[in-house]
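Scroll down for the structure; my scribbles are underneath it.
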Amino acid sequence: MKFSSSFFPTQKEVPVDATIPSHILMLRAGLIRPLAAGIYSHLPIGQRVMLKVMQIIREEMNAIGGQELFLPALNPLELWQETGRVDDFGDIMFHVKNRPMVLAPTHEEVICSIAKNFLRSYRDMPQIWYQIQTKFRNEPRPRSGVLRGRQFVMKDAYSMDTSWEGLDESYDKHAEAYKKIFARCGLKFFIVGASSGAMGGSGSQEFMVESPSGEDTCAVCSNCGYAANVEVAESNIPPLPRSDNNPELEDIHTPNVRTIDELVEFLNVPAEKLAKSLVYMQNNETPILVLMVGNDVLNETKLASALGGNIRPMHPDEIEPLTGAHSGSLGPVGLKNFKIIADNRLKDANGLVSGANKDDYHIGNIDIKRDVNLDGYYDLREVKEGEACVECGNQLRVVNAIEIGHIFKLGTKYAEDLKAYFLNEKGDEQPIIMGSYGIGVERIIASYIEQNHDENGIIWNKTIAPFHIHLIGLNMKNEMVREASENVYQLLIDNGYEVIFDDRDDVSAGVKFKDADLLGMPLHIIAGEKNLRDGNVETKVRGTGERSVVAIEDILNKIEKLDY
RNA sequence: CGGGGCGUGGCUCAGUCCGGUUAGAGCGCACGGUUCGGGACCGUGAGGUCGGCGGUUCAAAUCCGCCCGCCCCGACCA
């Protein structure tokens, strides 16, 4: 493509609305343009990258027997009512105003409605169907460029099996395909065990790219490879020891002591002797008191998984009427009408201090076994940086990450809700067993840029670069430069290279170099007057900055040999 | 939804506190000229409902009210 006649709108200034590298560079390099919050147009350069990534996805999905289909984004409201997900999604789903229709945020319902009519016999399965399409979600807060948009492109795949073993196989195939896809795209990624959340189902893993811009938090072990979302991650941290000395409860006057840190100072005891009480509401009706060790952080996803239903922190003005005290003086002893649960670390612990449910008072010598009417112990605490890996004991790192893919063993929920049954070998009716597997296409691109850029711009690899080669004709008003660079351009495209040719005659050399670095094609070829006098051009590898002068007649050979 | 910031030419911003000629700069754009290997220079020029509506005032980009939009933190995130 010739630059002079193409739509490659690069910009020098950092756009005011972008704060993370991928967002800034996607705007500056002209990949995308915003239309509204969380809604982007893909401009020619960006669209070329999208197509390359989609092609890789197609190849790997087809390789595991996936069949691509194209599904409606506009769905009847009724279909979503059948699975109850109109309420589950709530405000996240876009509703059409003048028809009982919704914009699909995902496609389990549509797939299932097709499957129920055509997969009637065990002989019809297994099947893997996938689509690469736009999904719509009314995100309350779109952010970070294309990382969280209201409209985005997703590869969604669905497996239909007749047995749980079959589901395991389909799931494993997808896991393998995903590893290939992300590796081919050039991403450094890791896989974590994840919470399956409201999707339900028996198993789920996320494919993650480490990045400060990521919205997920993961604990990773750089020694053994253990990695998990903090929503499920565990560490090898010992439970509190139980002391043989187990005196009676005592009231402790603690005026104006609200926080654990203040209590540590006031009583001069280690934080591990303190039990922090947090209060929540389950399904808006059941008060819950959660006991944590000292300053351990409660992970609310773990809490939700442990209890089920909707969980929210109690409003400050709900607390006093229910407990008799304000937050900071709450505790498990003698508390009525609350369901009380505790983190595993507190198992059978004693000698604890916690709130007295009376402002400015705490209670000492609490023995959980003796003094607390407990409903159970659960893993509730969030893993902290530096704690020991459960697998190998090495220190864990806690990092931010971008979720680029998620695979689920769905099971039979959707098949049962939508009555997608088949006849098995014995002639019995049985629900189809499903899996669902998603990849965020824009997120691959943004993640790639987060991992592969420098202060000058993007650094593409050969595989997903919009073009392989960026050819720069320096002074296009010079006849020799014009003719030679045109010839090189023709030579390259005749030999199958995708080339962007900066043939502009109205900008200076500096502009062309800056644009080339910003756009970030893996190999640059520079045709300038000095080198051309000797029949040479210069090559520059964008990633390493490595330059060499090459005779024009050797250029094809040189490109073959270059590592770019 | 809670908290914060912002909205002035295509882009980045100044001007707003303290109302007062014709609303500015740099970049970009158009034309002419010089340059031609790291966002080059000179000259000329076009381009603005100062986010919108209402109010105060002799006078509003500037003060007041309401609304809209965008970004950030939090909540939320199959």
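Just so it is clear: chains get the letters A, B, ... in the order the sequence lines come, proteins before strands, and each one is counted from 1.
- The ring-ring contact (aromatic ring centres under 6.0 Å, His included) test applied to A:Y171 returns no partner, not counting sequence neighbours.
- When the P atom is compared between B:A23 and B:A61, the two are found 9 Å apart, to the nearest whole Å.
- Across all strands shown, B:G74 forms a Watson-Crick or G-U wobble pair with B:C1, both key distances being under 3.5 Å.
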- line: Heavy-atom contacts, protein to nucleotides 66-71 of chain B, under 4.0 Å, summarised as B (base), S (sugar-phosphate only) or - (none) per nt, yield ----SS
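- Put simply, the side chain of A:S159 gets close to the backbone of A:G435: a donor and an acceptor are under 3.5 Å apart.
- Residue A:I92 contributes atom CD1, which lies 13 Å from atom P of B:C1 at whole-angstrom precision.
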Between the protein and nucleotides 38-41 of chain B, list the N/O to N/O atom pairs that are separated by less than 3.5 angstrom.
from, atom 1, to, atom 2, distance (Å)
B:G38, O6, A:R547, NH2, 2.4
B:G38, N1, A:D517, OD2, 3.2
B:G38, N2, A:D517, OD2, 2.4
B:G39, O2', A:K12, NZ, 3.1
B:G39, O6, A:R28, NH2, 3.1
B:G39, N1, A:D515, OD1, 3.2
B:G39, N2, A:D515, OD1, 3.4
B:A40, OP2, A:S508, OG, 2.7

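- With a cut-off of 3.5 Å on both pairing distances, B:A23 has no Watson-Crick or G-U wobble partner at all.
- Not one N or O on the side chain of A:R148 forms a donor-acceptor pair closer than 3.5 Å with the backbone of A:R143.
- Backbone-only contact: A:E300 has heavy atoms under 4.0 Å from sugar-phosphate atoms and none from a base.
- Atom CG in A:D505 sits roughly 16 Å away from atom P in B:U35 (whole-Å rounding).
- For B:C63, the paired base is B:G55 (Watson-Crick or G-U wobble, both distances below 3.5 Å).
- Of the P atoms belonging to B:G51 and B:C70, the separation is 16 Å, rounded to the nearest Å.
- Atom-to-atom, CG of A:L27 to P of B:G10 comes out at 17 Å; the value is rounded to the nearest Å.
- For the P atoms, the distance linking B:U16 with B:G54 amounts to 26 Å, nearest Å.
- If you take CG of A:D506 and C1' of B:U34, they are 16 Å apart, rounded to a whole angstrom.
- In this entry the distance linking CZ of A:R443 with P of B:C77 reads 14 Å, nearest Å.
- For the P atoms, the distance from B:A30 to B:C17 is 38 Å, rounded to whole Å.
- If you take atom C1' in B:G9 and the same atom in B:C27, they sit 12 Å apart, rounded to whole Å.
- Within residues 532-539 of chain A, the residues having any heavy atom under 4.0 Å from RNA chain B are, by residue number, A:E538.
- Summarising the base pairing, B:C6 is matched to B:G69 through a Watson-Crick or G-U wobble pair whose two defining distances lie under 3.5 Å.
- Residue pairs satisfying the ring pair (Phe, Tyr, Trp, His ring centres under 6.0 Å) criterion with at least one member in residues 532-552 of chain A, sequence neighbours excluded, are absent.
- Of all nucleotides present, none satisfies the Watson-Crick or G-U wobble test against B:C36 with each distance under 3.5 Å.
- Regarding A:E139, its CD atom lies at a distance of 9 Å from the C1' atom of B:C76, rounded to whole Å.
- Side-chain atoms of A:R547 never come within 3.5 Å of backbone atoms of A:K540 as a donor-acceptor pair (strictly under, hydrogens ignored).
- No side-chain donor-acceptor contact under 3.5 Å links A:N531 to the backbone of A:D534.
- Under the ring-ring contact (aromatic ring centres under 6.0 Å, His included) criterion, A:F3 pairs with A:F8, not counting sequence neighbours.
- Listed for the A:Y414 side chain is no donor-acceptor partner under 3.5 Å among the backbone atoms of A:I111.
- Here B:A75 presents its P atom at 19 Å from CG of A:N138, a figure rounded to the nearest Å.
- B:C68 and B:C53 have their C1' atoms separated by 10 Å, given to the nearest Å.
- Residue contacts shown for A:M154 include a base, since a base heavy atom lies under 4.0 Å away.
- B:C13 sits 30 Å from B:G32 when the C1' atoms are compared, rounded to a whole Å.
- Taken residue by residue, residues 471-479 of chain A places heavy atoms nearer than 4.0 Å to RNA chain B at A:L474, A:N475, A:K477.
- Nucleotides B:G20 and B:U57, compared at atom C1', are 12 Å apart to the nearest Å.
- Annotation: side-chain hydrogen bond (donor to acceptor under 3.5 Å, both in side chains) contacts of A:D168 (sequence neighbours excluded): A:K409.
- In this structure B:U16 sits in no base pair that meets the Watson-Crick or G-U test at under 3.5 Å.
- A:R150 contributes no side-chain N or O that, together with a main-chain N or O of A:R137, makes up a donor-acceptor pair within less than 3.5 Å.
- Distance OH (A:Y280) to C1' (B:C76): 14 Å, rounded to an integer number of Å.
- Considering only residues two or more places apart in sequence or on other chains, A:N536 meets the side-chain hydrogen bond (donor to acceptor under 3.5 Å, both in side chains) condition with none of them.
- Among the heavy atoms of the strands lying under 4.0 Å from A:P15 are primed sugar atoms or P, OP1, OP2 only; no base atom is included.
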Please tabulate, for the side chains in residues 15-23 of chain A, all donor-acceptor contacts under 3.5 angstrom to protein atoms that are two or more places apart in sequence or on a different chain.
from, atom 1, to, atom 2, distance (Å)
A:S22, OG, A:E450, OE2, 2.7
A:H23, NE2, A:Y40, OH, 3.2

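- Summarising the base pairing, B:C29 is matched to B:G45 through a Watson-Crick or G-U wobble pair whose two defining distances lie under 3.5 Å.
- A distance-only check finds no donor-acceptor pair linking the side chain of A:D517 to the backbone of A:N456 [under 3.5 Å].
- The ring-ring contact (aromatic ring centres under 6.0 Å, His included) check on A:Y158 picks up nothing, with sequence neighbours excluded.
- Between the side chain of A:K155 and the backbone N or O of A:V441, no donor-acceptor pair lies under 3.5 Å.
- If you check every strand for non-hydrogen atoms under 4.0 Å, A:V481 touches nothing.
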What donor-acceptor contacts under 3.5 angstrom involve side-chain atoms of residues 469-485 of chain A, with partners at least two apart or in another chain?
from, atom 1, to, atom 2, distance (Å)
A:N475, OD1, A:K477, N, 3.1
A:N478, OD1, A:M480, N, 2.8
A:N478, OD1, A:V481, N, 3.1
A:N478, ND2, A:E529, OE1, 3.3
A:N478, ND2, A:E529, OE2, 3.3
A:R482, NE, A:M476, O, 3.2
A:S485, OG, A:V481, O, 2.7
A:S485, OG, A:R482, O, 3.2

